[in-house]
Amino acid sequence: MLWDGWMLLWNGCEGMEKEKLIRKYDKHVKMYKNVCNNRLLDRWRRPLLANAYGNILEVGVGIGANFPYYDRENIHVTGVDFSPEMIKNARQTASDYQINAELLQMDVEDLAFESDSFDCIVSTLTMCGYPNPTGLLNQFNNWCRKKGTILLMEHGISSNSVLSYAQKVADPLFKKAAGCHCDRNIMKIVEDSSLQIDYKNSYWTDIISLIWASPVR
Ligand SMILES: C[S@@+](CC[C@H](N)C(=O)[O-])C[C@H]1O[C@@H](n2cnc3c(N)ncnc32)[C@H](O)[C@@H]1O
């Protein structure tokens with residue numbers, strides 16, 4: 001009885017925290033639009049997403065920043081984001097770039113797909129935010145077809161000791177402002193998952209990682 005009451009309270013607090021986080025991302029839409037218009041991340045999105053094909057799942061789709069880079073003739077995108085404002089803007093981007101897309105306002109933690117549902121799974125700048133990124137990558141392992149591909153562009157901790165120290169110190173503030181962590185070791189997160197890394201590249205003292213991975217069965 002006492003335990004049930006405690007769990008109810010705990011779940012209620014978690015729900016409130018998640019609502020606050022969603023509202024935070026809602027407010028970030030304008031900033032993401034500026035970043036996209038400046039094509040700041042173009043040099044990394046382009047080579048990574050040149051490998052996206054077929055039935056694509058994109059988690060944390062945001063305002064659809066990756067849509068201009070997809071080969072629109074040959075894809076269908078299932079895009080997921082828990083922020084209603086992001087999804088609203090992603091719908092507009094899909095229409096602007098004539099992307100065949102189904103956009104779902106959902107928490108990635110609540111996703112459930114059959115095994116082998118997708119040819120390709122894309123995550124760009126989202127593994128910094130999820131409570132259990134390795135768990136989600138393990139789900140990718142199941143949702144992606146055996147010969148499919150998982151494409152990641154993520155930000156994380158630097159290999160430079162001064163920068164990484166600053167990132168660790170700044171992380172609580174960063175989380176408060178941006179909604180995500182700046183000190184995650186992305187390579188380790190992927191290595192700890194069931195996925196196989198086929199090719200990787202990193203930039204800016206390993207702060208940015210590009211990873212081409214595949215499922216392991
Ligand atoms: C840093 S933005 C990246 C957006 C986009 N992928 C890009 O490359 O520009 C992170 C996105 O993940 C979404 N997100 C974070 N946690 C999420 C969750 N648990 N479920 C669904 N979406 C989430 C946020 O709303 C936000 O749109």
Side-chain angles (χ1 to χ4, degrees), residues 11 14-52 56-70 75 77-94 96-97 99 101-113 120-140 143 150-156 167 171 174-184 186 189 203 207-211:
N11 288 336
E14 276 210 322
M16 268 160 56
E17 280 307 307
K18 184 130 308 167
E19 270 310 305
K20 276 210 293 209
L21 191 59
I22 293 172
R23 297 287 86 83
K24 195 184 296 277
Y25 279 113
D26 277 346
K27 288 187 193 139
H28 286 170
V29 162
K30 203 167 157 211
M31 187 257 293
Y32 283 118
K33 277 184 165 171
N34 287 337
V35 173
C36 290
N37 288 341
N38 289 327
R39 295 282 176 108
L40 278 179
L41 305 171
D42 191 86
R43 82 190 91 156
W44 297 313
R45 292 193 198 270
R46 193 175 294 286
L48 183 79
L49 300 169
N51 300 91
I56 300 171
L57 170 66
E58 186 177 337
V59 292
V61 67
I63 63 167
N66 291 328
F67 293 174
Y69 305 91
Y70 289 141
I75 54 144
V77 180
T78 303
V80 181
D81 204 293
F82 63 8
S83 149
E85 283 301 313
M86 292 285 183
I87 286 292
K88 193 168 107 195
N89 281 271
R91 292 210 167 100
Q92 185 58 52
T93 314
D96 293 347
Y97 288 90
I99 296 291
E102 182 184 10
L103 293 158
L104 310 172
Q105 190 210 315
M106 272 186 82
D107 190 324
V108 296
E109 292 189 303
D110 297 333
L111 290 176
F113 297 107
C120 177
I121 303 185
V122 173
S123 156
T124 58
L125 311 176
T126 81
M127 291 295 150
C128 46
Y130 307 131
N132 178 7
T134 307
L136 184 64
L137 293 172
N138 290 339
Q139 300 270 50
F140 289 2
W143 297 334
I150 291 130
L151 305 173
L152 311 172
M153 176 185 85
E154 304 295 343
H155 73 87
Q167 285 175 294
D171 191 63
F174 192 90
K175 173 82 171 76
K176 211 165 180 196
C180 70
H181 295 278
C182 64
D183 67 347
R184 285 195 170 166
I186 295 297
I189 286 171
Y203 305 87
I207 289 177
I208 301 287
S209 303
L210 299 195
I211 300 170

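First listed ligand is number 1; within each ligand, the first listed atom is number 1.
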- Using non-hydrogen atoms of the residue, decide whether M106 is closer than 4.0 angstrom to ligand 1. yes
- Task: Using a strict 4.0 Å cut-off to heavy atoms of G62, name the atoms of ligand 1 that fall inside it.
- Result: 4 (C), 27 (O)
- Identify, by atom number and element, the atoms of ligand 1 in contact range of A65, meaning under 4.0 Å from any of its heavy atoms. 9 (O)
- Message: Does only the side chain of F82 get under 4.0 Å from ligand 1, or the backbone, or both, or neither? Count heavy atoms.
- Response: both
- Run the numbers for me: atoms of ligand 1, each under 4.0 Å from some heavy atom of M86, listed by number. 27 (O)
- May I ask you to decide if the ring planes of Y25 and H28 are parallel, tilted or perpendicular, using 30° and 60° as cut-offs? perpendicular
- Regarding Q105 and D81, is there a side-chain donor-to-acceptor distance under 3.5 Å anywhere? no
- For the residue pair F113 and W143, categorise the inter-ring angle as parallel (less than 30°), tilted (30 to 60°) or perpendicular (more than 60°). perpendicular
- Any N/O of T124 closer than 3.5 Å to an N/O of ligand 1? yes
- Pair S123, E154: side-chain N/O donor-acceptor within cut-off below 3.5 Å: yes
- Message: Under 3.5 Å, is there a donor on one side chain and an acceptor on the other for Q92 and D96?
- Response: yes
- Distance from atom 10 (C) of ligand 1 to nearest protein heavy atom, with residue and atom: L125 O, 3.6 Å
- atom 19 (N) of ligand 1: nearest protein contact (heavy atom, Å): D107 OD1, 3.0 Å
- Query: Closer than 4.0 angstrom: is that true for some heavy atom of R45 and an atom of ligand 1?
  - Reply: yes
- So, does T93 use its side chain to make a donor-acceptor pair with the main chain of I63 at under 3.5 Å? yes
- Is ligand 1 under 4.0 Å from a heavy atom in the side chain of K24, in the backbone, in both, or in neither? neither
- Message: Nearest 0.5 angstrom please: I22 CD1 to D107 CG, how far?
- Response: 6.5 Å
- Item | Contact check: V59 vs ligand 1, nitrogen or oxygen atoms, below 3.5 angstrom | no
- Message: Run Y130 and T126 through side-chain hydrogen bond (donor to acceptor under 3.5 Å, both in side chains) and show every step you take.
- Response: CA-CA 7 Å; Y130 307 131; T126 81; 2.9 Å; yes
- Note on the structure: In this structure, atom 20 (N) of ligand 1 is nearest to the protein heavy atom V108 N, 3.0 Å
- Query: What residue and heavy atom of the protein are closest to atom 5 (C) of ligand 1, and at what distance?
  - Reply: G60 O, 3.4 Å
- Item | Salt bridge flag under 4.0 Å for residues R23 and E85 | no
- Ignoring hydrogens and angles, tell me if any N or O in the side chain of R91 forms a donor-acceptor pair with the backbone of L103 under 3.5 Å. yes
- Closest non-hydrogen protein atom to atom 2 (S) of ligand 1, residue and atom name please, with distance? Y32 OH, 3.2 Å
- Task: Could you check atom 26 (C) of ligand 1 against the protein and tell me its nearest heavy-atom contact, residue, atom and distance included?
- Result: D81 OD2, 3.5 Å
- Query: Is the shortest distance from a heavy atom of E109 to ligand 1 less than 4.0 Å?
  - Reply: no
- Query: Can you tell me if R184 uses its side chain to pair, donor with acceptor, with the backbone of M127 under 3.5 Å?
  - Reply: yes
- With backbone taken as N, CA, C and O and side chain as the heavy atoms from C-beta onward, which portion of I22 lies under 4.0 Å from ligand 1: side chain, backbone, both, or neither? neither
- Message: Is there a polar contact, in the sense of an N or O pair closer than 3.5 Å, between S83 and ligand 1?
- Response: no
